[in-house]
Amino acid sequence: MKPAPLLLTCVILLLLALRAFAARSGYGAGTLIVVRDKSGREQLVGATVRIVSGADTLRGVTVRSASTYIDEAEFVCDKLFRDSVDLTVSFLGYKEFHRRYSPYDFSGFVPVEMEPDSTTIGQVVVLGKQIAMVYKGDTVVYNAGAFKTLADDRFSELIKQLPGVEIRENRLYADGEEVKRVYVDGRNLFGSNPNASLRDMVASDVKSVRVYEEQNPDARYMGDHTAKKEKVMDVETKSKRQTLLGGQAEAIGGASIERDYSGRREVRHAEQLSLFRHAETGSFRLSASNSKDEGNRDEGSMQSRVTPTKKTAVDLSHEYRRGDSARIATTARFRRGRTSSVSTSQTDYFPTEAYALRLSETLSEALSKNLSAALNNHTFFRYKRHLFHATVGLRFNDDNSLGRNATTQTIDREVTRTRLNSDSRTRGLGADGRIGYAIRFLEKASLTFAAGGSYTDNDSNGWQVDTLASTPGLRTILRNGGHARQWNLYGEIYFSYQTGEFSNFSLRYRFDRSRNSSERRSLDYLDDPRGRVDTTNSYRYAIAESGHSLNASWSYAPHDILVCRFNLEAALRDISRNETFPEAQRFPRRFFQLNPNLLLLLGKSRNRFQFDLSSRSETIPTEMLRPTLNSTDPLFLQAGNPDLKMANKIDGSVSYSRIDAHAARTLSLSLDGSYTFNYIATRRTLFLEDTYLPQYDYTARRGSQLTTQRNVGGRYRVQAALRYSQQLLALRSTLRANLSYGFNQQPYFLDEALYRSGSHTLSAVVGFESGFSTKVRLVVYSNTSLSRYRTRSECTDALSENVQASLNLSLGRYFGFVGTNYEFYCNSRSQELTRHTVVLNASAGRKFGKKNRFSLSCGVVDILNRPDYATTVFETDYIRTGSTSYLGRYAYLRAAFTFD
């Protein structure tokens, strides 16, 4: 060996020895973990490291050593532990490393050698030279390089291509379960808001995505090893940034090309600013927006249907975190808005023996203004065997609404018209709070105490005027003033004990008490210019509720393969309504509930079977228990039933899910249903002539309708569904398909006769998300639904089809978008209700600057100008069609700047 290489080798060995000695002697920075291939030929940079000791959990990834002479993949742990330490290291294509260390052994230099996993490598699907998906034990690993995204796509666009992962209502789901935490390179950067990752991360920076299950930190701390594990996601990035920092500022200005339904051309605009910072120690986010006649849309979105609207919104949130031991989160929200709308509806009742024609037509114009603000804080601390949390919130609202409602009701040849103008304003203040404390006083037992409450205070006033009604008895000039106050208190005690290595028993007691007092004073100026008290529309009452519940639960979960949980809850509830005006009355009721629940999970996430059987009681609104008549609206009378029984609903579901990493495919089958005992059915009685009701001492007008409730035998529902998603190898794109069938049987009354309606629905959803190019993205979704609705005398078939398609282009500095939304509807009962609706949007633009942070674009929304939109709904004895007028075609110019 030549002197120079020999000297270099000796220096490297000396440095390694000195580093290990320094770490072992305590002169280094805690523990140095070095991860390499077992052969020693490869340093595994980017391996996920997880350290658990007692209630502490640390996560991270290995990085390349900063030393010039030593090429190592290392992770430095600065913390010293008193309890034993569990070290877990994982890396794509290698067997997971897991070992328990004593506090002394887990100090200084800790080498980790990873073995290749031949079984895992055999379960991958390769797209070209890229591995798309691999299963490592219970962890699904997606290789982001196998899924193409556009240059400026956010993380959400990558998520849409991953088989088995989806976004529902801006929430992240994996294998049908909501993702509770999102880690970035093993670090918890998003805290209690994992969905922030969808918009605040850039897709091009993602290297891989791991989806697995882990125990909730609180359950782990309290020693409940049988608690159901939660879905979590760990995103490995290329940049390995310790902090995510960025934001966006944009401004949009445009104008209507065509006159809208009011005959005007509206000028539209929107301004928006968002700033965020995410780090392991906390998160900060500021969002502010102001808009006029602009829907909630991104560039070229399908959300083009808007009514005249003005909105101002500000959201500010900050969260401080210290691992799993401390969290302080504060949020502030401000909203101001103004919305107007014009809509029509037509209700066509099915013919009966009482009438051959019954039709109700309504034209509504509404203007609403709202102002609201809220401030919330959540504080959480964990120290040794103690856990403390507190939540407090304050809120304010000021709502004002104006409305015009013109109704024409036709029963055979009898026509009744009303023209009601209304004006109301409501102001309110509210506060709520909760405090909790938990202690793990034995190795196998824990005790939790919690208490909380809320308070709201509202004032309201307004007018109701109708001087043009076709019937004199329906004319009115009312001035209303009211006040409402509500408070509630609750507390609970929770005891948990680990009865065995895999079993746990818990007992929970809860009590609550609430009181809701409300009053309204209505003055009638129709016949008296000084105003007289209207006893029909005036009231003063208080509702008091109290409840006690006891829940016993037993869980059994051996080796993460089987989870069995049984709950039994007994509850006692007292409800009392005390009325002091216009008459003094009291309506007390007491209900007892006994609800068992059973949950069975078998298998791991790769192949999982789940059975769930639960029972719950449905609370009865006190208005339904009043034996008196509510004649506030003379055409629509309401009366309660003091003998109603509480409905009890039993839900059951069976599901099976499978993930095939070799084919990059996920499949799930589910069957669920419910049956409701003592179902509360609505009974409507139509009066074709003036009718005296002796039980209420009231004469119902001709054409009016009385609504009451009654318990009937039961109602049931059955639904079966198949969900499928797969990566198409040839197209390097993702295909999703859902097929479902549902049947719903519902009891209903026609006068005194009881009938049952049945509805069958077969629907198919097919979606395609392209991932074959970084310049072109094609998205197509189709939703087809075929339904049959059957009542006593009617049978109607309906077909609906909705197709959404979009094409995004990113060609260097230039970008473009074209999107369409096609809707078709028809039914066998009326050809007049057949409709075709097409919404077409397009935009194009260019980026500027060294890093393409500034962009300018122009576009047209609703090119075909389809401002009217209709919906059709079938009910037990009628079919209702509603139509809303929206602002139509307009052009806009958009400028945006991105902060990175």
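Note that the numbering runs from 1 along the sequence shown for the chain. Bear in mind the structure is a predicted one, so any value in this text is a computation, not a measurement.
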*Evaluate side chain to side chain contact (heavy atoms under 4.5 Å, CB included) for Leu474 paired with Leu635, printing each intermediate quantity in order.*
CA-CA 8 Å; Leu474 299 179; Leu635 289 180; 4.0 Å; yes
*Would you check if the side chain of Thr418 reaches a backbone N or O of Leu420 as a donor-acceptor pair within less than 3.5 Å?*
no
*Judged by modelled atom types alone, do Tyr822 and His836 share a side-chain donor-acceptor pair under 3.5 Å?*
yes
*Might you point out which heavy atoms bring Asn841 and Ile863 nearest each other, and give the distance in Å?*
C-CD1, 4.3 Å
*Would you indicate whether Arg520, at its atom CZ, is surrounded by more than 12 heavy atoms from other residues, nucleotides or ligands within a distance under 6.0 Å?*
yes
*Any salt bridge between Arg427 and Asp398, counting N to O under 4.0 Å?*
yes
*If you round to the nearest 0.5 Å, how far is CZ of Arg335 from CZ of Arg333?*
5.5 Å
*Would you kindly say whether Asn783 and Tyr781 are connected by a side-chain donor-acceptor distance under 3.5 Å?*
no
*Counting only N and O atoms by type, is there a donor-acceptor contact under 3.5 Å from the side chain of Lys292 to the main-chain atoms of Val267?*
yes
*Is it the case that more than 12 heavy atoms not belonging to Arg417 sit under 6.0 Å from its CZ atom?*
no
*For the residue pair Phe587 and Pro627, what are the closest heavy atoms and their distance?*
CE2-CD, 3.1 Å
*Decide whether Thr784 and Glu801 meet the rule of one side-chain donor and one side-chain acceptor closer than 3.5 Å.*
yes
*With rounding to the nearest 0.5 Å, note down the distance linking OG1 in Thr426 to CG in Asp459.*
9.0 Å
*Would the number of heavy atoms belonging to other residues, nucleotides or ligands and lying under 6.0 Å from NZ of Lys369 be above 12?*
no
*Step by step, work out the side-chain hydrogen bond (donor to acceptor under 3.5 Å, both in side chains) result for Arg586 and Asn578.*
CA-CA 4 Å; Arg586 186 172 184 267; Asn578 301 312; 3.1 Å; yes
*asked:* Do Arg880 and Thr347 pair up side chain to side chain, a donor and an acceptor below 3.5 Å, judged on atom types alone?
replied: yes
*Determine yes or no for a side-chain-to-main-chain donor-acceptor pair under 3.5 angstrom, with Asn458 supplying the side chain and Ala484 the backbone.*
no
*Around Arg404, counting heavy atoms of other residues, nucleotides and ligands shown, do more than 12 lie under 6.0 Å from its CZ?*
no
*Indicate yes or no for a side-chain donor-acceptor contact from Thr309 to the backbone of Thr307 under 3.5 Å, with no hydrogens or angles considered.*
yes
*Nearest heavy-atom neighbours spanning Asp862 and Gly888*: OD2-CA, 3.8 Å
_Looking at Thr535, is its backbone amide N or carbonyl O close enough to the side chain of Ser538 to form a donor-acceptor pair, meaning the two atoms are under 3.5 Å apart?_
no
*Kindly say whether Thr876 contributes a backbone atom to a donor-acceptor pair with the side chain of Tyr789 at under 3.5 angstrom?*
yes
*asked:* For a quick check under 3.5 Å, do Arg485 and Tyr455 share a side-chain donor-acceptor pair by atom type?
replied: yes
*Distance-minimising heavy-atom pair for Pro634 and Arg701*: CB-NE, 4.0 Å
_Crowding at CG, Asn170 (>12 non-hydrogen neighbours, <6.0 Å)_ = no
*NZ/NE/NH1/NH2 to OD/OE distance under 4.0 Å, Arg577 and Glu579*: yes
_Separation between NZ of Lys645 and CZ of Arg589, rounded to the nearest 0.5 Å_ = 10.0 Å
*Side-chain donor or acceptor of Thr820 paired with backbone N/O of Leu840 under 3.5 Å*: no
_Separation of Asp524 CG from Arg475 CZ (nearest 0.5 Å)_ = 13.5 Å
*In terms of side-chain geometry, is the basic nitrogen of Asp466 or Arg419 positioned less than 4.0 Å from the acidic oxygen of its partner?*
no
_Could you walk me through whether Asp697 and Tyr692 satisfy the side-chain hydrogen bond (donor to acceptor under 3.5 Å, both in side chains) test, starting with their C-alpha distance in whole Å, then the side-chain angles of each, then the deciding distance to 0.1 Å, before giving a yes or no?_
CA-CA 7 Å; Asp697 190 22; Tyr692 177 69; 2.8 Å; yes
*Show your working on ring pair (Phe, Tyr, Trp, His ring centres under 6.0 Å) between Phe743 and Tyr716 and close with a plain yes or no.*
CA-CA 8 Å; Phe743 174 75; Tyr716 63 89; 5.7 Å; yes
*Exercise: identify the closest heavy-atom pair between Met646 and Glu618*: CG-O, 3.2 Å
*asked:* What I want to check is whether the side chains of Gln464 and Asn480 have a donor and an acceptor closer together than 3.5 Å.
replied: yes
*State, yes or no, whether a side-chain contact exists between Leu644 and Asn711 at a heavy-atom distance under 4.5 Å.*
yes
*Is there a donor-acceptor contact under 3.5 Å linking the side chains of Ser757 and Thr791?*
no
*Is there a donor-acceptor contact under 3.5 Å linking the side chains of Thr708 and Arg683?*
yes
*Could you give the distance from CG (Leu762) to CZ (Arg788), rounded to the nearest 0.5 Å?*
12.0 Å
*Would the number of heavy atoms belonging to other residues, nucleotides or ligands and lying under 6.0 Å from CZ of Arg336 be above 12?*
no
*asked:* As a quick check of understanding, evaluate side-chain hydrogen bond (donor to acceptor under 3.5 Å, both in side chains) for Ser424 and Ser401, giving each step before the final call.
replied: CA-CA 5 Å; Ser424 65; Ser401 63; 2.9 Å; yes
*Give a yes or no on whether Gln695 atom CD has more than 12 heavy-atom contacts from other residues, nucleotides or ligands under 6.0 Å away.*
yes
_Expected output: side-chain Asn865 to main-chain Arg889 donor-acceptor under 3.5 Å_ = yes
*Within 45° cone of Tyr755 ring axis and under 6.0 Å: Arg792 NZ or CZ*: yes
*Could you tell me whether Arg358 and Glu414 make a salt bridge, using a distance below 4.0 angstrom between a side-chain N and a carboxylate O?*
no
_Strictly distance-based, threshold 3.5 Å: is any side-chain N or O of Asp412 a donor or acceptor partner for the main-chain N or O of Ala356?_
yes
*Going by distance alone, is a donor N or O of one side chain under 3.5 Å from an acceptor N or O of the other, for Asp457 and His483?*
yes
*asked:* Between Thr407 and Asn405, do the side chains contain a donor N or O and an acceptor N or O under 3.5 Å apart?
replied: yes
*Begin with the C-alpha distance, continue with both residues' side-chain angles, and end with the deciding distance and a verdict on side chain to side chain contact (heavy atoms under 4.5 Å, CB included) for Arg479 and Ser522.*
CA-CA 6 Å; Arg479 181 174 184 178; Ser522 298; over 6 Å; no
*Short side-chain to backbone donor-acceptor contact, Thr691 and Glu689, under 3.5 Å*: yes
*asked:* Checking side-chain polar atoms at under 3.5 Å, does Glu271 have a donor or acceptor matched by the opposite partner on Asn290?
replied: yes
*asked:* Please find the pair of heavy atoms, one from Ser518 and one from Tyr539, that lie closest to each other, and give the distance.
replied: OG-CE1, 3.7 Å
*Over-ring placement of Arg835 relative to Phe824, 6.0 Å and 45° cut-offs*: no
*Would you call Arg829 and Asp797 a salt bridge, taking side-chain N to carboxylate O under 4.0 Å as the test?*
no
*Within 45° of the six-membered ring axis of Tyr890 and under 6.0 Å from that ring's centre, is NZ or CZ of Arg268 located there?*
yes
_One thing to verify: whether Arg515 and Glu545 come together as a salt bridge, which I'm taking to mean a side-chain N less than 4.0 angstrom from a carboxylate O._
no
